[in-house]
Chemist: 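Sharing a structure here in structure tokens format.
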Amino acid sequence: MSTKFQITLNGESYAVSDDDRLVFLIDSLKLKRGRVAVEINREIVPKANWDRTRLAAGDIVEIVNFVGGG
Amino acid sequence: MSTKFQITLNGESYAVSDDDRLVFLIDSLKLKRGRVAVEINREIVPKANWDRTRLAAGDIVEIVNFVGGG
Amino acid sequence: MSTKFQITLNGESYAVSDDDRLVFLIDSLKLKRGRVAVEINREIVPKANWDRTRLAAGDIVEIVNFVGGG
Amino acid sequence: MSTKFQITLNGESYAVSDDDRLVFLIDSLKLKRGRVAVEINREIVPKANWDRTRLAAGDIVEIVNFVGGG
Amino acid sequence: MKDDSFALAGRHYKSRLIVGTGKYRDFAETRAAIEESGAEIVTVAVRRVNITDPGKENLLDYIDPKKYQILPNTAGCYTVEEAVRTCRLAREAGVGDLVKLEVIGDQQTLFPDVPATLEAAKILVKDGFKVLPYITDDPVACLRLAEIGCAAVMPLAAPIGSGMGIRNPFNLRIILEQAKVPVIVDAGVGTASDAAEAMELGCDGLLINSAIASAKDPVAMARAMRLAVDAGRTAYLAGRIEMKLYATASSPLTGLIR
Amino acid sequence: MKDDSFALAGRHYKSRLIVGTGKYRDFAETRAAIEESGAEIVTVAVRRVNITDPGKENLLDYIDPKKYQILPNTAGCYTVEEAVRTCRLAREAGVGDLVKLEVIGDQQTLFPDVPATLEAAKILVKDGFKVLPYITDDPVACLRLAEIGCAAVMPLAAPIGSGMGIRNPFNLRIILEQAKVPVIVDAGVGTASDAAEAMELGCDGLLINSAIASAKDPVAMARAMRLAVDAGRTAYLAGRIEMKLYATASSPLTGLIR
Amino acid sequence: MKDDSFALAGRHYKSRLIVGTGKYRDFAETRAAIEESGAEIVTVAVRRVNITDPGKENLLDYIDPKKYQILPNTAGCYTVEEAVRTCRLAREAGVGDLVKLEVIGDQQTLFPDVPATLEAAKILVKDGFKVLPYITDDPVACLRLAEIGCAAVMPLAAPIGSGMGIRNPFNLRIILEQAKVPVIVDAGVGTASDAAEAMELGCDGLLINSAIASAKDPVAMARAMRLAVDAGRTAYLAGRIEMKLYATASSPLTGLIR
Amino acid sequence: MKDDSFALAGRHYKSRLIVGTGKYRDFAETRAAIEESGAEIVTVAVRRVNITDPGKENLLDYIDPKKYQILPNTAGCYTVEEAVRTCRLAREAGVGDLVKLEVIGDQQTLFPDVPATLEAAKILVKDGFKVLPYITDDPVACLRLAEIGCAAVMPLAAPIGSGMGIRNPFNLRIILEQAKVPVIVDAGVGTASDAAEAMELGCDGLLINSAIASAKDPVAMARAMRLAVDAGRTAYLAGRIEMKLYATASSPLTGLIR
């Protein structure tokens, strides 16, 4: 699948392919939906909207999960 | 000397006589000029202005000095 | 049974009857043999000797047991 | 002056000369009389007796003074 | 003693010990220690997912959110905005609205920034979060946080990870006497007796991470802390004897042989 | 942790907590508290039998000598002779040759008379007793008692019944580092954290009476002390973190959102 | 030691002890105690003049502002506005621009309101005051106050008038190590050894009122505090010995008689 | 305060500080520090004269026995016989009959051997000495030494040279309340606040060597200790304020502007 455009994902440049839906990105990263949260350009994207949300060139995307901490 | 009007001095009603200059009030209270500070209606009145400052009916006047404290 | 003589038992005067054997004293006091120790005139009397030990007038007898303590 | 005999002075062998008076030993060691105490064979020799006290071969002599301590 | 459950933000817990998940050798050790600790609430940090190796095992594969109340923290946040943003992401990730608020003021001490913590707490409470704020042992700051509507206050006993124990039991006593919300000691506990002491002072709960995770034997220390919290709480409820300068005999003075 | 039994005078015990039987409301409470404490060794005093009411119930009707190691003490003895005589009577009463030696030096403090304790210990050891001497927290006295052949040393943490806790942990640390026999802290513990602290210092055991018997709820406090001794011992074996003046983060610094 | 003067807000002082003027029996006792204390800086409160009896003697008839640096405080102020207003009145009264800022957060503890204190300090510094803020022993709050431009920070040792001494020397040590402005311990000192301890920690100065004024003999206690501050400062500069668990003989081991 | 002289063994002293002469760099430093300390009583050790270099300077060339009360000690003695023998030699050397009795029990701790100290004290008192015994902080041992006729008791605050300060103020308080002879704290003081604390407890005097001689600047530390002893004693006589958990305002609540 050919690259369509670049976004910044968790601080690093990332190539988005033809399928520019957020949900595709999540799945391609093999992330468990129930365990992560997503921000696009500082706006949280509720899980309910992942399917219809499309990425755009230059989007700043943050995907977080839980790690060990005190 | 007959009373001219009332002011509130340090929280209590106080009768001002014909001479309504602040400096007269200070002197009549036998206060050492170097040891006190005066507020009229929440505005500090610099010592330099005491002579020319006149009190008005209903003025809220605060005169403070230093007392023992830690 | 008539009194034969007096001894001092645990600091108090005590009347010994015709049967002047130590074992009789122990039993008459309803003491559990396994739980007490006996001194006569400052000498410990081993349990084995209780049967053959006879009390004499004026004997100083101490009988102790265990009580709550820290 | 020729050696007469040996004593043990403060744990070490020491040669006593013709003059075997204790006082001579003290002086030859340049010790201030007021600052030291002497034991011969575990017996303290009072200052008053130093003149008349004579050392004998094999005597165990201790001479002490004050040093820094807490 | 009958029921002595720990009520926090509308739920009841059996354990008064809250544990962190940082600094363990691996997830297996993390799980083993947390199970041994008996904790029902577990703190976690919010961080970017690992893009380069996304398949990688995740903490929640070992600490089941169905079994444990997950408590996201805002560790590492130095501003109100970072802390609020982190809490919102944590909630979106789906572990509920209970959050441990930390707004750090200084890297050396990791002490909280008191004004920023109060400000962030206001925003989060208004936004529907149940806020557990990490704060200094300052009675006034604790009063303010309760007024704001925090679910509890979490004064520090000593700097995070210092193991210094309860450096100022007097401030804690004041905080406890004035408290209108649960008081959970957060940070500074070093060993079991520190945990027992905190509970004996009357604290409602205790949050421990480093003292367990960095002990030579973390699983054993987790057990020690569970026992110590139970011991301290039990002693608090049992009512200790008064302190006296002089002695009182424990054996009777009567019946001595003469 | 594998086996961590407590070896004392040739026997092994699971519990490191020794409890007294004084000052309880009644024998039922005594038994309930001792059961809750998990103790296997129980101290008792030696006193004249009650002649006027001999049938009266006795402590040992409640504390079964087959189940518990009975440890007679010489509380109330102010001389070597009284203490030795009391031990011999206790042994004759049939609970064995393990004795807790106390030779008291002063009524106000109930501190031991050190020279008299050493002298009595010599006599009792020669006489075949296994001697557990109550002593000050004096490293030299503890060394001497071990040389004499005592089965353990029992330094005080604070005056008997004072509940002051471990007033001088430094002396205890020295005693523990020099010890060639078990060190059992006797007297002064007031609450659970004191007990945990004693075990964390490395003490082999702990003897408690007043702190349990005089607590508002003795049975609950007995439980607290059992838990605290276990907590402190477990923490001691687990290896606590070092103390540091400054902080160390427990959450990772990497992966923070920006 | 050569010159060890105390530099504060651009002036140098011989004494590191600052004393308050509250709670004395009368002005004569106030003056006697302050003279005995050797203090050169004296705190005073700002209050309404007595209208009913204006001729009445005034504190400054006894404490000559030419001889002492008068330090007005904002004691009793619970808001930023009250504190700022009080400072401006004090300056107008003609004792200069050095002020002791207190914004109290709670009547029971008289602990400062940290955010309000920071806000008031900003306003006062911008307004040309030399600000000495009373604050908690919070290293972060002290850093912020220094950044704002305060002439010093005045962390509390314990609640005002409590006489509890230095409850948390660890926080003070951190504050001192991080400090870029003088650190003056304010509040909580109870007796001479507390004052010496504060100076040994490296504090630049000490503010005392209740411990002197409420002592049985205030003038004698003023002397004790003067000596203690000097003793503590001198010991700090002299360089104390290290602490060790074990002993080191002070008398030589050689030359012993045998 | 009027006369507060320190009565010891029939003489009165102005200073309550007794200093040792060990561990100094040289005699000049010894003299300078002792002068700065204000001490009137100075401890010294008894050792063999240097035979190989007898002309060598001697301590007493710097510390004039006419000016100072010389107090010979028995440091280094481990038996009653050695200690008694050392005292007799000291007396013969001509500095009077006041002696500091030490019978050491262990090289690591340099703690006293309590029974041996009591025995030596009996012999020396009968032999006409005025005995100042170094002893543990054991109230019973102190009572016995007073009964024997010692001129004072000298409980240790901590091991000799350890600089640990007053490890157990509670035992000291008991000793002081029971004391019928002066109580002089010997050994363990590390810095000025320790000295002040000892005097505030009510001790009659204080013996210091290592804390002064081993400080970076011994002469300055000697001054600090002189000031601290004076400060602590003065505070003790002045009557300190009570400790309270909460605050008490030092500024008036009336006359606040509104």
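Every chain is numbered from 1 and lettered A, B, ... according to where its sequence line falls, protein lines coming before strand lines. Below, each value reflects all heavy atoms present in this structure, side chains not excepted, and no hydrogens, waters or symmetry copies.
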Chemist: Does D:Lys4 NZ have over 12 foreign heavy atoms under 6.0 Å away?
Modeler: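 It does: D:Lys4 NZ has more than 12 such atoms within range.
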Chemist: Rounded at 0.5 Å granularity, tell me how far CZ in D:Arg35 sits from CD1 in H:Ile70.
Modeler: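 If I round to the nearest 0.5 Å, the distance is 9.0 Å.
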Chemist: Is D:Ile44 in contact with chain H via its backbone, its side chain, both, or neither, using a 4.5 Å heavy-atom distance?
Modeler: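 The answer is the side chain of D:Ile44.
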Chemist: Under a 4.5 Å cutoff for heavy-atom pairs, which residue among H:Ala45, H:Gly22, H:Ala213, H:Gly20 has the most contacts with chain D?
Modeler: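 Of H:Ala45, H:Gly22, H:Ala213, H:Gly20, H:Ala45 has the most heavy-atom pairs under 4.5 Å with chain D.
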Chemist: Between H:Lys100 and chain D, with a heavy-atom cut-off of 4.5 Å, which part of the residue counts as in contact: side chain, backbone, both or neither?
Modeler: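 Contact with chain D involves the side chain of H:Lys100 alone.
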Chemist: Which one of D:Gly68, D:Gly69, D:Ala37, D:Pro46 has the most heavy-atom pairs closer than 4.5 Å to chain H?
Modeler: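 Result: the option with the highest number of such pairs is D:Gly69.
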Chemist: Go through H:Arg48, H:Glu102, H:Arg91 and name the one with the most non-hydrogen pairs under 4.5 angstrom from chain D.
Modeler: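 Of the options given, most contacts go to H:Arg48.
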Chemist: Can you give me the closest heavy-atom contact between D:Lys32 and H:Asp61, atom names plus distance?
Modeler: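 Looking at all heavy atoms of both residues, the shortest contact is NZ-OD1, 3.2 Å.
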Chemist: Given heavy-atom pairs under 4.5 angstrom as the criterion, report whether the side chain, backbone, both or neither of D:Arg42 touches chain H.
Modeler: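 D:Arg42 touches chain H through side-chain heavy atoms alone.
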Chemist: Measure the shortest side-chain to side-chain distance between D:Glu12 and H:Ile51 over non-hydrogen atoms and say whether it is less than 4.5 angstrom.
Modeler: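 No, side chains not in contact.
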Chemist: Identify which one of D:Asn10, D:Leu9, D:Val64 satisfies the side-chain contact (heavy atoms from CB on, under 4.5 Å) criterion when paired with H:Val49.
Modeler: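 One option only clears the test, and that one is D:Asn10.
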Chemist: Looking at CG of D:Leu29 and OG1 of H:Thr52, how far apart are the two atoms once the value is rounded to the nearest 0.5 Å?
Modeler: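 If we round to the nearest 0.5 Å, D:Leu29:CG and H:Thr52:OG1 are 10.5 Å apart.
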Chemist: Given D:Phe66, which of H:Val95, H:Ile63, H:Thr21, H:Thr43 fulfils the side-chain contact (heavy atoms from CB on, under 4.5 Å) condition?
Modeler: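 Of the listed options, the one satisfying the test is H:Val95.
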Chemist: Can H:Arg85 and D:Glu62 be said to form a side-chain contact (heavy atoms from CB on, under 4.5 Å), step by step?
Modeler: CA-CA 12 Å; H:Arg85 186 180 167 202; D:Glu62 293 282 346; 3.9 Å; yes
Chemist: For H:Gln107, I'd like to know if atom CD has over 12 heavy atoms of other residues, nucleotides or ligands within 6.0 Å.
Modeler: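 Counting other residues, nucleotides and ligands, CD of H:Gln107 stays at 12 neighbours or fewer.
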